[in-house]
Student: 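Sharing a structure here in structure tokens format.
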Amino acid sequence: MIKDFKIYYLTLSSFGLIAIFILLSDFINVPVFDEFYTASVVSLFVYVFSIIVFLSVYRFPVVSFPILFVMVYGLFHLSTMILTVTESYEIAVSRYDYLHVPSLKIAAEVVILSLAGFVIGAGMANKQSILSGIQSRKNRKAVREVDYTKAVNLIAFGLYGCSILIIMYVTLTGEGLSISMNQGYRAFVDWKNGSSSLSLTLFMAALNWLLPWSVLMILGCVKSKKQLILCAFLAGAGIILMVLAGDRTAPLSLFILFFVRLYLLKVNLNYVKILPVMALVFLLIPVLSIMRHEGSSSWDSEFLVDAIFLEAGDSFRVGLNPISATLIETSLTFQNLMGTVMVVPKHEEFRYGVDYLKSLIVGVPFSGKFLEISPPDNSQWIKSWLFPLQMAGPGFSISAEIYLQFGNVGVFFFFFGLGYVLTYGWFYVCANANRQQIVMYLLIIMQVILSWVRNEFTSTVRPIVWCWILVFVLVPIVQKLLFDNKSRSQVIPRFKPNH
């Protein structure tokens, strides 16, 4: 992982000094930046420095969990600052519904603190000690593993089929995709917010949970090129349904994790192959945004060409290059962070983790039916402060949520822990790349964490708990009941992790 320990310790010291400086400035209530442009330049420098550290000092592959998180985090939290430096401040905030410049500068400090904590946490996860611990546990347990492929395929394909059937049934009744295809995304959002029917519950469960979980389970069991092609076909069909429903985050994360699985299968991947494809996908964000606001029944060749060249849809995109248009689309997450530091602690107190405790309730199946505790909805909370007249919430931000709970100190230590955990998870999945349950579960968790970047902790609890039950409890039960008499246990071969 690390070739030069002098550079390693210098790197940790540099990010540590950055974090201490920001925390001390916050403690004595002295702003770090006088101008937002200066804050943007410094934030971008820290971000680029972070990427360089992960690639050159920590020696992570570009598809590793920590680097993927930093890339997605930067896309949604530094877009405003990139536009401020490369275009203009006016373009950078052109889509903001509410603007408070002093809070923009404070929000930039939170972003820098998040990056510093994450880089230090990732650097503290020592690769050799982690791999040695994993290997020693394997040796103590003399790991014998049942081949769960048949049980996983039965459950995964069953979930995939159920999700498709539910989506199609609700659509054929005139709801679901029928609304988004004929009336556009805004009408679809109105249907979601204005309905409490069983059909809505089933549709959203199928679209947001069953479909991506089943795809990642199938992807985790892939062993051959033929299986990979089948999985790509199924994933592609699922992504199309998600896009038709106006979702962008889940399809992008599924696409990214497809490369992770290729790496674990020891497919030769390098920057030349990966980065152009990922860049192309990210540049499709404004195109998808244009398409989802128009009913898909009105998509024709002329409209699709105009959408690709950003000549259709809202006027703010017209005349912009694809990169600027993508950054404008992803800049609103930073607005949520700006609003949070504006409100807290001046107008509201820190919540000290209460939201996280309330969020745990969604991990209990059907808890909403018999418990009176409601999980937090910080998307609606920030909407009530920034633009209360709008119907749909703007999502949220992982940094804003942590700041709302614990302030800047909490942001640093939380991202320190997140950096360590994602790095440990990456080493763990590489060391167990031939263990299907571990691969599929960690792929699901990573998809959830990538979505959490612009969402809330509440959205992570259900997948973490339910998928653990699904993968580590239900799969062995199905295997034992249906397939144990037809298959034999086999010893997992010693696996040398892919570096």
Student: Taking side chain to side chain donor-acceptor pair (under 3.5 Å) as the test, write out the residues that go with Asp355, two or more places apart.
Tutor: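 Expected list: Arg351, Asn378, Gln405.
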
Student: Scan the side chains in residues 279-288 for donor-acceptor partners under 3.5 Å anywhere in the protein, sequence neighbours excluded, and list what turns up.
Tutor:
none

Student: Distance-only criterion, 3.5 Å: show the donor-acceptor pairs between side-chain atoms of residues 78-85 and protein atoms not counting sequence neighbours.
Tutor:
from: Ser79; atom 1: OG; to: Leu75; atom 2: O; distance (Å): 2.3
from: Ser79; atom 1: OG; to: Thr330; atom 2: OG1; distance (Å): 2.6
from: Thr80; atom 1: OG1; to: Tyr96; atom 2: OH; distance (Å): 2.6
from: Thr84; atom 1: OG1; to: Thr80; atom 2: O; distance (Å): 2.8

Student: Would you call Glu35 and Lys105 a salt bridge, taking side-chain N to carboxylate O under 4.0 Å as the test?
Tutor: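 No, no charged N to carboxylate O under 4.0 Å.
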
Student: Counting N and O atoms only, with roles assigned by atom type, does the side chain of Arg454 sit under 3.5 Å from a partner on the main chain of Phe76, one being a donor and the other an acceptor?
Tutor: no

Student: Looking at Trp426 versus Tyr263, is the centre-to-centre ring distance below 6.0 Å?
Tutor: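 Yes - the distance between ring centres of Trp426 and Tyr263 falls below the 6.0 Å cut-off.
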
Student: Show the nearest heavy-atom pair for residues Val57 and Tyr8, with the distance to one decimal.
Tutor: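 Reported closest heavy-atom pair: CG1-CA, 4.1 Å.
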
Student: With a 6.0 Å cut-off on the ring centroids, do Phe15 and Phe49 count as close?
Tutor: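 Yes, they do, as the ring centres are separated by less than 6.0 Å.
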
Student: Salt bridge or not for Asp377 and Lys358, using N-O below 4.0 Å?
Tutor: no

Student: Verify whether the ring centers belonging to Tyr441 and Phe472 lie closer than 6.0 Å.
Tutor: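 Yes, they do, as the ring centres are separated by less than 6.0 Å.
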
Student: With a 3.5 Å cut-off and no angle check, do the side chains of Trp385 and Glu348 form a donor-acceptor pair?
Tutor: yes

Student: Would you please indicate yes or no on a ring centroid separation below 6.0 angstrom for Phe259 and Phe255?
Tutor: yes

